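As structure tokens, the structure follows; a few thoughts come after it.
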Protein chains: 2
Amino acid sequence: MAAHDGSPRYHHDNLRSTLLSVARALLEEGGPAALSMREIGRRAGVSAPAAYHYFNSLDAIAAALAEHGFAELSESIAAALAGPRRNLLAGGIAYVAFARANPGLYRLMFGEGFQAYSRGNEAIRALRMQVYRQMKDDLEKHLTPGNVPNAALFLWSLTHGLALLTIDGQVEPGADPDAKVEDILKLAGMGLPAAR
Amino acid sequence: MAAHDGSPRYHHDNLRSTLLSVARALLEEGGPAALSMREIGRRAGVSAPAAYHYFNSLDAIAAALAEHGFAELSESIAAALAGPRRNLLAGGIAYVAFARANPGLYRLMFGEGFQAYSRGNEAIRALRMQVYRQMKDDLEKHLTPGNVPNAALFLWSLTHGLALLTIDGQVEPGADPDAKVEDILKLAGMGLPAAR
DNA sequence: GATCCAATCTTTACAGTGTTAAAATCATGC
DNA sequence: GCATGATTTTAACACTGTAAAGATTGGATC
């Protein structure tokens with residue numbers, strides 16, 4: 001079969017990355033539960049078992065997507081921390097913005113997503129810890145060392161919780177979502193408003 | 001067939017509640033992903049379609065479990081708020097303790113759990129909002145009204161995030177988990193420790 | 001250029017799932 | 001004692017992930 005026409009070729013050009021991008025689209029359309037080997041194959045114009053040449057299982061595809069996601073998230077936070085505002089608040093805003101922009105991916109990264117309680121999760125837990133570490137490292141520039149561990153867990157819990165509640169539709173978005181996030185995260189810096 | 005011997009009877013005595021308790025056990029063993037119509041039937045000693053006399057779908061069983069969970073959680077929080085400490089801190093500790101005691105259920109209540117983005121979730125979102133409302137109502141006793149919305153979202157995010165990170169194994173438990181939770185939640189009341 | 005090889009993809013098949021439809025069984029009213 | 005309605009079963013359909021075996025292809029070697 002000639003290679004220059006549009007007819008479907010037996011050898012796909014770059015199947016591995018096609019599979020991943022198709023899977024990502026699927027993930028954002030229907031959440032982690034919508035990831036399906038057969039549907040991925042279908043959309044890539046290939047039969048389902050073809051994917052097994054590049055990934056051992058559906059979980060492996062999910063893990064690759066999550067890995068990408070962690071890299072993106074980490075980079076996005078780093079950019080915010082190094083940006084014009086140069087502070088933790090900017091990092092937190094970037095964190096929640098990432099979740100809002102990629103809700104399916106964020107759920108995959110931090111939700112059950114995988115066969116819950118199974119092995120593959122070890123790698124994911126490590127990647128999560130890396131995000132945590134990133135936050136912690138920045139905190140060390142601002143706090144006395146003894147306070148860092150609790151402060152880090154405090155901030156991570158707050159940001160993570162806010163991100164999840166946001167993509168779960170439990171927060172009415174409002175006109176400027178970033179501003180709303182900023183309002184909430186600011187409370188972390190000054191504690192609760194004064195009692196009346 | 002006589003009814004007084006131990007032989008399996010055609011009519012199960014109280015199948016509906018048996019199904020629910022079996023499902024709950026399954027949920028805590030393997031998380032929301034482990035919920036399976038056929039396995040539920042198997043454990044209840046009944047064939048799978050039997051369950052359809054009491055529930056329209058697997059999602060309906062999950063929804064019933066979640067509903068129970070919200071009632072339990074709400075009651076547990078209310079008890080803490082009315083208990084000897086009578087403050088929000090006690091409520092937050094109870095909240096996280098509930099998640100730690102019922103991780104599978106908590107994930108079902110607040111995770112994807114269901115066919116993500118599907119209809120059934122409307123009821124769940126409403127039940128979540130009820131928990132939120134409970135927290136908000138208590139906050140109104142302590143804050144000037146204008147501050148309540150943001151403070152409530154702030155506290156819910158923090159508590160929810162901490163609960164999830166805890167059951168996801170991202171927080172090293174330590175000797176007294178409740179004390180650790182208390183340490184973190186206390187930071188909400190006084191903001192971050194002073195900069196050095 | 002012909003031939004072989006390894007990589008790539010397809011077909012086929014198996015075990016499992018949720019769910020529906022029809023048939024069987026039972027408990028209970030008359 | 002029998003019919004009725006509630007309960008449960010069996011059989012079947014369409015779907016899933018994945019393993020095994022075969023078909024196809026591009027590229028290296030002669």
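Since we're looking at a predicted model, the values are computed, not measured. Sequence lines set the chain letters: A, B, ... in the order given, protein chains first and strands last, and positions in each chain run from 1.
B:Ser74 places no side-chain N or O within donor-acceptor distance of the main-chain N or O of B:Ala71, the cut-off being under 3.5 Å.
Side-chain N/O atoms of A:Ser36 include one lying less than 4.0 angstrom from OP1 or OP2 on D:dG17. Checking the phosphate oxygens (OP1, OP2) of D:dT16, a side-chain nitrogen or oxygen of A:Arg42 falls inside 4.0 Å.
The shortest side-chain heavy-atom distance between B:Met109 and B:Arg128 does not fall under the 4.5 Å cut-off. In this structure the side chain of B:Val181 reaches within 4.5 angstrom of the side chain of B:Arg100, judged on heavy atoms.
Residues meeting the side-chain hydrogen bond (donor to acceptor under 3.5 Å, both in side chains) test with A:Asp137, sequence neighbours left out: none.
Within a heavy-atom distance below 4.0 Å of DNA chain C, the residues of residues 51-58 of chain A found are A:His53, A:Tyr54.
A centroid separation of 6.0 Å or more is found between the aromatic rings of B:Tyr106 and B:Phe70.
Salt bridge present: B:Lys186 and B:Glu182 bring a charged side-chain N and a carboxylate O closer than 4.0 Å. We find that A:Glu28 and A:Arg107 are not joined by a salt bridge, their nearest charged nitrogen and carboxylate oxygen being 4.0 Å or further apart.
Taking the six-membered ring for Trp and thresholds of 30 and 60 degrees, A:Trp156 and A:Phe110 have ring planes more than 60 degrees apart, a perpendicular arrangement.
For the pair A:Leu15 CG and C:dT10 P, the computed distance is 8 Å after rounding to whole Å. Rounded to whole angstrom, the span from the CG atom of B:Leu35 across to the P atom of C:dT19 amounts to 12 Å. The distance from atom CZ of A:Arg16 to atom P of C:dA7 is 16 Å, rounded to the nearest whole Å. Taking atom CE on A:Met37 and atom P on D:dC15, their separation rounds to 19 Å, with Å as the unit.
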Distances under 3.5 Å between nitrogen or oxygen atoms of protein and nucleotides 12-15 of chain C:
none

